[in-house]
Q: 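One structure, as structure tokens, below. Some questions next.
Because only heavy atoms are used, hydrogens play no part in the values below, and waters and symmetry mates are left out as well, while side chains stay in. As the structure lists them, so they are numbered: ligands from 1, and atoms in each ligand from 1.
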Amino acid sequence: YAAEMERTFIAIKPDGVQRGLISEIISRFERKGFKLVAIKIVVPSKDFAKKHYHDLSERPFFNGLCDFLSSGPVIAMVWEGEGVIKYGHKLIGATDPQKSEPGTIRGDLAVVVGRNIIHGSDGPETAKDEINLWFKPEELVTYTSNAEKWIYG
Ligand code: DGT
């Protein structure tokens, strides 16, 4: 599996870190059966935040969003697994926590859209771009987990 598996970029934003939700969020991806292949803690610069959110540069909340992302430590991660881009987004829930279903990360743990604690890539192209923006290739670790044969059969 390891080499061809789908990968997605997931970040715990400064609010999630400050609220002590790192382990809670990681455990939801881990228990599902997805595999962590890169992780670091970093305070992004405002310029970096602008690069990450470049698609939203015309939106009225863009500046505040970039200020927020760069306001403190972020946990940047790459998760791997079958369908992880789409299903990771399901685990995260709708952008606005008021509209996220209970059982999702934002549904269970967040209240307003400007503090929705987590980011996840929304498709294969953005996943690739975001992984490349946040990580050097050598920071991604390819390995076999013993659980894989029980997760995938
Ligand atoms: P993500 O995972 O953080 O990229 O969020 P998505 O993909 O669920 O939503 P997206 O890409 O449309 O928006 C990125 C972030 O921008 C979102 O997590 C919070 C913020 N945002 C989106 N819409 C609004 C809004 O209407 N008002 C404010 N204040 N922030 C917003």
Q: Can you pull out the closest protein heavy atom to atom 19 (C) of ligand 1? Residue, atom name and distance to 0.1 Å, please.
A: Val113 O, 3.4 Å
Q: Does NZ or CZ of Lys40 fall inside the cone over Phe135's six-membered ring, less than 6.0 Å from its centre and within 45° of the axis?
A: yes
Q: Any N or O on Asp122 sitting closer than 3.5 Å to an N or O of ligand 1?
A: no
Q: Please list the nearest protein heavy atom to atom 8 (O) of ligand 1 with its residue and the distance rounded to 0.1 Å.
A: Thr95 OG1, 2.5 Å
Q: At what distance is the nearest protein heavy atom to atom 17 (C) of ligand 1, and which residue and atom is it?
A: Asn116 ND2, 3.6 Å
Q: Identify the closest protein heavy atom to atom 7 (O) of ligand 1: which residue and atom is it, and at what distance?
A: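 That would be His89 NE2, 4.1 Å.
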Q: In the structure I gave you, are the side-chain heavy atoms of Arg106 and Thr95 within less than 4.5 Å of one another anywhere?
A: yes
Q: Below 3.5 Å, N or O to N or O, backbone or side chain included: is there any such pair between Arg59 and ligand 1?
A: no
Q: Under 3.5 Å, is there a donor-acceptor pair between the Asn116 and Lys13 side chains?
A: yes
Q: Which protein heavy atom lies closest to atom 20 (C) of ligand 1, and at what distance to 0.1 Å?
A: Leu65 CD1, 3.7 Å
Q: Against ligand 1, does Arg106 come closer than 4.0 Å with any heavy atom?
A: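 Yes.
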Q: So is there a nitrogen or oxygen of Gly120 less than 3.5 Å from a nitrogen or oxygen in ligand 1?
A: yes
Q: Do the charged groups of Glu148 and Lys35 touch, with an N to O distance under 4.0 Å?
A: yes
Q: Using modelled atom types only, decide if a donor and an acceptor are shared between the side chain of Glu130 and the backbone of Ala127 within a distance under 3.5 Å.
A: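 Not at all, since once roles are kept as given, no pair shorter than 3.5 Å links the two residues.
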Q: Quick one: ring pair (Phe, Tyr, Trp, His ring centres under 6.0 Å) partners of Phe48, sequence neighbours excluded?
A: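 Trp134.
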Q: Could you check whether Asp108 pairs with Arg28 (Lys NZ or Arg NE/NH1/NH2 to Asp/Glu carboxylate O, under 4.0 Å)?
A: yes
Q: Around atom 4 (O) of ligand 1, find the nearest protein heavy atom and jot down its residue, atom name and distance.
A: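 Ranked first by proximity to atom 4 (O) of ligand 1 is His119 ND1, 2.7 Å.
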Q: Which residue owns the protein heavy atom closest to atom 3 (O) of ligand 1, what's the atom, and how far is it?
A: Lys13 NZ, 3.0 Å
Q: Nearest protein heavy atom to atom 21 (N) of ligand 1, by residue and atom, and its distance?
A: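 That would be Phe61 CE1, 3.4 Å.
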Q: Pick, from Leu56, Asp96, Ile118, Leu69, the option with the minimum heavy-atom distance to atom 13 (O) of ligand 1.
A: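 The residue whose heavy atom sits nearest atom 13 (O) of ligand 1 is Leu56.
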Q: Please confirm whether the backbone N or O of Ser100 pairs with a side-chain atom of Thr104, one donor and one acceptor, at under 3.5 Å?
A: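 Looks like no, no N/O pair under 3.5 Å.
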Q: Evaluate Phe34 against Trp79 for ring-ring contact (aromatic ring centres under 6.0 Å, His included), listing each step before the verdict.
A: CA-CA 6 Å; Phe34 293 138; Trp79 285 88; 7.4 Å; no
